[in-house]
Peer 1: 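Just dropping this structure here.
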Amino acid sequence: QVRSVNGGSKKAKAKAKAAAKKLASAKGKDDRAVALVARRTVLRDTAQAKVIRLDAKYAWLINDISTLQCGVGESVTTASGAVEVVRECGIVYMHEDGDTTHVKTTTNKLMEIRNIGLQTPERAKRNTLTGVLSPAQCGAEQAYQNFMGLMPEEITIVQLRSITNGANGWGGGSRPTRSVYKLNNATGQFDIDVQAEQIKAGWSMWWPTAAEWAHNKEYLDLMNDAKARGV
């Protein structure tokens with residue numbers, strides 16, 4: 001009707017113009033509907049993928065690892081002469097950021113551990129009281145990714161040691177403060193100090209404490225060396 005109206009009356013032309021306008025509007029609505037379906041499909045697929053991952057994590061969490069032998073109760077004398085006690089051991093579940101590790105212990109409990117001796121830039125975090133989201137600090141994601149590389153989740157066996165059985169209460173919680181040591185598959189010993197490796201890589205500041213002094217001097221030297229190397 002629109003194509004054949006060129007020689008028609010004003011009434012026919014007006015009718016054709018109105019029809020063309022309706023057609024354009026309908027096409028616009030159709031395009032928006034198609035785009036909406038595409039977006040919703042992506043959201044649906046993403047949600048389904050998250051459910052699959054959460055199911056896998058849940059299945060992993062309920063596995064009994066109480067038979068894992070990794071030295072709970074042992075005392076280890078460090079190079080500085082400090083004596084650290086193996087308070088817990090288990091498998092890394094996830095990382096909060098570049099200095100906070102969640103570990104499933106051999107008592108089948110999930111513990112949020114504040115790593116001793118280092119302070120990495122903070123990732124974007126939402127205040128649980130105000131709901132305000134604080135932006136990530138410079139280097140936060142790189143520090144987090146480096147920590148992830150040092151201790152891959154759900155496969156890394158670790159010892160959690162400390163001089164005292166202390167905790168860090170940042171954010172209103174009570175997180176045990178521990179030095180985390182990774183099992184070295186080459187030696188069969190827990191001789192990889194992940195805090196030291198994070199500082200060596202240049203993704204952390206020095207965070208000395210009086211109570212947990214075992215590595216204070218060592219970590220200061222490592223940080224200054226990283227600075228000198230420009231990393």
Peer 1: Judged by atom type as modelled, is there a donor-acceptor pair below 3.5 Å linking the side chain of T156 to the main-chain atoms of P152?
Peer 2: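 At least one qualifying donor-acceptor pair exists.
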Peer 1: To the closest 0.5 Å, what do you measure between OG1 (T105) and CD (E88)?
Peer 2: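 The distance works out to 7.0 Å.
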Peer 1: Taking atom OG1 of T101 and atom CZ of R178, what is their separation to the nearest 0.5 Å?
Peer 2: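 So the OG1 of T101 and the CZ of R178 are separated by 12.5 Å.
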Peer 1: Where the side chain of Q137 meets the backbone of R123, is there a donor-acceptor pair that is under 3.5 Å apart?
Peer 2: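 Not confirmed, Q137 side chain does not pair with R123 backbone.
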Peer 1: With no hydrogens and no angle check, is any side-chain donor or acceptor of K125 less than 3.5 Å from a backbone partner on A136?
Peer 2: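 Pair absent, no side-chain N/O of K125 close to backbone of A136.
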Peer 1: If the condition is ring-ring contact (aromatic ring centres under 6.0 Å, His included), which residues does F147 pass it with, not counting sequence neighbours?
Peer 2: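 Testing F147 for ring-ring contact (aromatic ring centres under 6.0 Å, His included), a comparison that skips the adjacent residues, returns H95.
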Peer 1: Hey, could you give me the CD/CZ distance between E74 and F190, rounded to the nearest 0.5 Å?
Peer 2: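 CZ of F190 is found 9.0 Å from CD of E74.
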Peer 1: Does one hydrophobic cluster hold both V92 and I113, with members joined at side-chain heavy-atom distances below 4.5 Å?
Peer 2: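 Hydrophobic grouping puts V92 with I113.
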Peer 1: Test S134 against E122 for side-chain hydrogen bond (donor to acceptor under 3.5 Å, both in side chains), laying out the working first.
Peer 2: CA-CA 9 Å; S134 298; E122 299 292 340; over 6 Å; no
Peer 1: Residues two or more places apart in sequence or in another chain: which of them pass ring-ring contact (aromatic ring centres under 6.0 Å, His included) with Y93?
Peer 2: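 So Y93 forms a ring-ring contact (aromatic ring centres under 6.0 Å, His included) with W60.
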Peer 1: Kindly give the heavy-atom pair with the smallest separation between I163 and A82, and that separation in Å.
Peer 2: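 Taking I163 first and A82 second, the nearest heavy atoms are CD1-CB, 3.9 Å.
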Peer 1: Any idea which heavy atoms bring I65 and N108 closest together, and the distance?
Peer 2: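 In this case the closest contact between I65 and N108 is N-OD1, 3.0 Å.
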Peer 1: For the atom pair CD1 (I91) and CD (E153), what is the distance rounded to the nearest 0.5 Å?
Peer 2: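 Reported value, rounded in 0.5 Å steps: 12.5 Å.
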Peer 1: Would you say I157 and M94 are hydrophobically clustered, going by side-chain heavy atoms of ILVMFWY under 4.5 Å?
Peer 2: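 Cluster IDs for I157 and M94 match.
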Peer 1: Given the rule that I, L, V, M, F, W and Y join up when any side-chain heavy atoms are under 4.5 Å apart, are V180 and L118 in one cluster?
Peer 2: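 No: no chain of side-chain contacts under 4.5 Å links V180 to L118.
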Peer 1: According to a 4.5 Å side-chain heavy-atom criterion applied to Ile, Leu, Val, Met, Phe, Trp and Tyr, with indirect links allowed, do L220 and W213 form part of one hydrophobic cluster?
Peer 2: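 Per the 4.5 Å side-chain linkage, L220 and W213 are not co-clustered.
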Peer 1: Search all heavy atoms of N168 against all heavy atoms of W207 and return the closest pair with its distance.
Peer 2: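 Minimum heavy-atom separation between N168 and W207: ND2-CH2, 3.9 Å.
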Peer 1: If only atom types and distance count, is the side chain of Q159 paired as donor or acceptor with the main-chain N or O of V72 below 3.5 Å?
Peer 2: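 Side chain of Q159 to backbone of V72, a donor-acceptor pair under 3.5 Å: no, none is there.
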Peer 1: Under a 4.0 Å N-O cut-off, is there an ion pair linking K182 with D191?
Peer 2: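 Salt bridge absent between K182 and D191.
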Peer 1: When rounded to the nearest 0.5 angstrom, what is the spacing between OG in S80 and NZ in K217?
Peer 2: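 Answer for the OG-NZ pair, S80 versus K217, is 11.0 Å.
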Peer 1: Of K29, K22, K21, which is the lone residue that meets side-chain contact (heavy atoms from CB on, under 4.5 Å) with S25?
Peer 2: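 With S25 as partner, K29, K22, K21 yield a single side-chain contact (heavy atoms from CB on, under 4.5 Å), made by K29.
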Peer 1: Got a donor-acceptor contact below 3.5 angstrom from the T177 side chain to the G166 backbone?
Peer 2: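 Side chain of T177 to backbone of G166: a pair is present.
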Peer 1: Looking only at heavy atoms, which two atoms of R175 and T100 are closest? And how far apart?
Peer 2: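 Shortest heavy-atom separation between R175 and T100 comes out as NH1-OG1, 3.4 Å.
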Peer 1: Verify the cluster assignment for L222 and W206: are they in a single hydrophobic cluster under the rule of side-chain heavy atoms below 4.5 Å apart?
Peer 2: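 Yes: a chain of side-chain contacts under 4.5 Å links L222 to W206.
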Peer 1: So, Q195 side chain and S179 main chain: donor-acceptor pair closer than 3.5 Å or not?
Peer 2: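 Such a contact is absent between Q195 side chain and S179 backbone.
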Peer 1: How close do Y219 and D193 get, counting heavy atoms only, and between which atoms?
Peer 2: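 What the structure gives for the nearest pair is OH-OD2, 2.7 Å.
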Peer 1: Would you compute the distance between atom CG of L43 and atom NZ of K50 and round it to the nearest 0.5 angstrom?
Peer 2: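 Separation between the atoms: 9.0 Å.
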Peer 1: Stepwise, does the salt bridge (charged side-chain N to carboxylate O under 4.0 Å, His left out) test hold for R229 with D225?
Peer 2: CA-CA 6 Å; R229 288 184 287 113; D225 179 66; 2.8 Å; yes
Peer 1: What is the minimum heavy-atom distance between T120 and A143, and which atoms define it?
Peer 2: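 Looking at all heavy atoms of both residues, the shortest contact is CB-CB, 4.1 Å.
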Peer 1: Looking at A210, is its backbone amide N or carbonyl O close enough to the side chain of N216 to form a donor-acceptor pair, meaning the two atoms are under 3.5 Å apart?
Peer 2: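 Pair absent, no side-chain N/O of N216 close to backbone of A210.
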Peer 1: Do E96 and Y144 come close enough that some side-chain heavy atom pair is under 4.5 Å?
Peer 2: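 Sidechains of Y144 and E96: no contact.
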